[in-house]
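Bear in mind that the values here come from a model prediction, so they are computed numbers and not experimental data. Each chain gets a letter, A, B and so on, in the order its sequence line appears, and its residues count up from 1.
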Amino acid sequence: MQSPGSEVVHGKGWEHFPHEADTGVRGIGSTKEKAFEGAGLALTAVITDPASVSPQEAVAITCQAPDEELLLVDWLNALVYEMATRNMLFSRFNVRFNDHSLHATAWGEPIDVTRHEPAVEVKGATYTELTVKRDEQGRWIAQCVVDV
Amino acid sequence: MDLNLLKRRGRDEWHISPRGKMRVPGVIFATEELIHNMDEKVYEQVTNVATLPGIVRASYAMPDAHWGYGFPIGGVAAFDPDLGGVVSAGGVGFDISCGVRLLRTGLMVEDVQPVKELLADSLFHRIPAGVGSTGKVHLDKHEMDAMLAGGAKWAVGKGYGSHEDLEFIEEHGCMAGAAPEHVSDHAKKRQQDEMGTLGSGNHYLEVQQVVAVHDAEVGTAFGLREGDVVVSIHCGSRGLGHQIGTEFLKSMVTSAARHHIELPDRELACAPINSEVGQEYLGAMRAGINCALANRQIITHLVREVFADVLPQAQLSLLYDVSHNTCKVEEHVLDGTPTRLFVHRKGATRAFGPGHPDLPASLRAVGQPVLIGGTMGTASYVLVGTEESMALAYGSACHGAGRSMSRHQALRQWHGREVVKDLAGRGILIRSPSMRGVAEEAPGAYKDVSEVVNAADEANLARKVARLEPLVCVKG
């Protein structure tokens, strides 16, 4: 059964929310850019503690999608792809938007199984519970469930 | 789930009458207890699937149904191309052809007990498991395409296993109609170093003992006796399948309006079977099935190598290999007429009954082995397809226990090292690169697999044959 509530990690701009079989990732920020960056960190946190990942190597990422929700899924899937093919984890992000495209840099390091103890690989970001919006406090929220 | 939403049509069969945009009814197979504990989202997803173009007969959910993406996990639905039927990337899911195979070893539990630690360590050492692990098979562009076209048959041709194995794999080890040219370079790149790897999450490799045979006649036909040691392998199409799923989900979402398809949930992304996107997806998805079959075949070879070192008297023969996340073209009888349908099984096992022409000759009289994975601390089951199942849900059954708790909740409740210690105390050896992964997969985070299997048995979806319990589990 799904449980209510979520794991709020105050001040870090991200949290997880429960899904019966998988995990929801949520970025929270004063700007849409920060919310997308937070969602990237939440994605890393599904796999390992982001604090254990040193931001020593930069990777450039660009995506395009017809709306901002599909763009969030594309952004997270681009990170999944870079993690899988470079065998890396990321802990710092810089996101910029230009119309319907996203230009970002992700900083991270190669996976060290002993140090990072990666729990699970993410198969992909999904359209489930997918939202990019401003909440009642004016904060940007960028979230979806990821399949693990 | 609220029982008042459903009409009971049998002890374990519950119907949802068509309403709103539903084209067919919904049918859930489960005990009252399982229905009671089922997420309301399953109801919503079963009814959403029933609205898709060209769906025939009903939108089904198996006893282990839980909240999935678009389709419930445990969802089964078939579409008729002549009625504008669709193929859905969401209805197949990210891990295309994730499945289970079971190998007999010819060993008894007393043969394995003295070398269990060595066997566990050797399997963990030899079979790449967990995040970032890579295999020893590296494919260039030409070999990648050959693998995607040939599946387990390609793997056997490369020396991984024997031709006899192929007979005991769905599609005889090679899914026809694969189109490697519709698999993107990104998907191929994700796979180039991942052949022969187990993956992570709920994927596993287990050495198990047969603790009970419920049907002696079928047990004999399957070569299973109490005390026998078997090996189960649960994994899928790895990064390639995930990438195909991701890319076609997006192209089906963005092309839905063009095809005049109204999606009640974007995760139900689909395209008409007779459309360019639909055909390209079918070709890519079939290539993904072949990738999963080749992957399980390579892992089988590695397992055989380990047994040859540790227990050289072992003879590992394949009972069967089943796939869970697929869309396959099958002939089923609709209103007395044999009809060619595109059957989606999302987290559901094909369970063909006796006499089906697709079964190997040696199993045709008894029916298809149906392999149901449990947790590392409980049990797995072997069932057999029934004649009734063909009429109930296109010859389909449940696929596993299904989670009862999110990963997040599991992490709060258990520590990996304690789980490993507790299970070692019960004689079950766990080997995993990640203790957090073990905690997330703790046996208590899953539903009772026996209840799910009993419900499938009582509903005649498949009949119980044998119960297996783990001795060793390698977790990704």
Side-chain angles (χ1 to χ4, degrees), chain A residues 1-7 15-24 45-49 63-67 69-71 73-74 76-78 80-89 110-114 116-130 144-148, chain B residues 37-41 66-70 73 90 93-95 130-134 186 189-190 192-194 199-202 236 238-239 241-243 245-247 249-250 253-254 265-269 347 402-409 411-412 416 433-441 476:
Chain A
M1 297 293 290
Q2 186 201 358
S3 80
S6 57
E7 179 196 17
E15 63 188 21
H16 288 157
F17 60 94
H19 175 271
E20 195 173 28
D22 295 305
T23 301
V46 172
I47 305 159
T48 191
D49 177 2
C63 346
Q64 279 184 313
D67 65 54
E69 289 185 345
L70 293 181
L71 198 54
V73 172
D74 268 16
L76 295 175
N77 278 327
V80 168
Y81 175 78
E82 297 298 341
M83 285 192 284
T85 53
R86 294 174 188 270
N87 213 11
M88 279 180 75
L89 292 165
I111 294 177
D112 177 334
V113 173
T114 315
H116 298 126
E117 267 206 64
V120 72
E121 63 190 355
V122 177
K123 293 172 188 166
T126 78
Y127 301 126
T128 299
E129 305 283 307
L130 169 61
C144 72
V145 171
V146 295
D147 191 359
V148 296
Chain B
N37 291 324
M38 229 173 241
D39 200 302
E40 298 288 343
K41 288 275 183 190
H66 53 280
W67 181 20
Y69 303 107
I73 313 289
F94 284 98
D95 199 357
V131 180
S133 59
T134 55
H186 268 48
K189 190 172 177 195
R190 246 176 112 169
Q192 64 189 8
D193 298 323
E194 288 196 355
S200 64
N202 63 356
R238 311 291 297 110
H242 309 165
Q243 193 68 26
T246 294
E247 290 168 7
L249 210 59
K250 186 181 177 190
V253 162
T254 50
D265 171 353
R266 276 181 294 197
E267 207 70 49
L268 280 173
R403 291 190 78 92
S404 61
M405 186 184 288
S406 68
R407 291 177 178 279
H408 171 72
Q409 276 177 287
L411 268 184
R412 282 185 179 169
S434 170
M435 285 303 114
R436 176 175 156 183
V438 170
E440 291 185 4
E441 289 291 319

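Of the atoms belonging to A:Val73, not a single heavy atom falls under 4.5 Å from chain B. Of the atoms belonging to B:Glu440, it is side-chain heavy atoms, and not backbone ones, that fall under 4.5 Å from chain A. Neither the backbone nor the side chain of B:Val438 comes within contact range of chain A, judged by heavy atoms closer than 4.5 Å. In this structure, no portion of A:Thr114 lies under 4.5 Å from any heavy atom of chain B. With a 4.5 Å cut-off on non-hydrogen atoms, A:Glu69 touches chain B through its side chain but not through its backbone. The part of B:Thr254 that comes within reach of chain A is its side chain, from C-beta onward, which places non-hydrogen atoms under 4.5 angstrom from that chain. Only the side chain of A:Thr23 comes within less than 4.5 Å of a heavy atom of chain B; its backbone N, CA, C and O stay farther away.
At distances below 3.5 Å, not a single donor-acceptor pair connects side-chain atoms of A:Thr128 with backbone N or O atoms of A:Val145. Using a distance-only test at 3.5 Å, with no hydrogens or angles considered, a donor-acceptor pair links the side chain of A:Glu117 to the main chain of B:Met435.
The candidate from B:Asp265, B:Thr134, B:Leu249 with the greatest count of non-hydrogen atom pairs under 4.5 Å with chain A is B:Leu249. Per-residue counts of heavy-atom pairs under 4.5 Å with chain A were compared for B:Gly132, B:Gly245, B:Gly201; the largest is that of B:Gly132. Contact count against chain B (heavy-atom pairs under 4.5 Å) is highest for A:Asp147 among A:Val148, A:Asp147, A:Leu89, A:Asp74.
A pairwise comparison of heavy atoms in A:Ala125 and A:Cys144 identifies CB-SG, 4.0 Å as the closest pair.
The pair A:Glu121-B:Arg238 meets the salt-bridge criterion, since a charged nitrogen lies less than 4.0 angstrom from a carboxylate oxygen.
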Exercise for review: Go through B:Lys250 and A:Tyr127 one step at a time and tell me if the side-chain contact (heavy atoms from CB on, under 4.5 Å) criterion holds.
Suggested key: CA-CA 9 Å; B:Lys250 186 181 177 190; A:Tyr127 301 126; 3.6 Å; yes

Point to revise | Worked check of salt bridge (Lys or Arg N to Asp or Glu O under 4.0 Å) between B:Arg403 and B:Glu441 | key: CA-CA 9 Å; B:Arg403 291 190 78 92; B:Glu441 289 291 319; 3.4 Å; yes

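Between B:Phe94 and B:Tyr69, the two ring planes are perpendicular [angle over 60°; tilted spans 30° to 60°].
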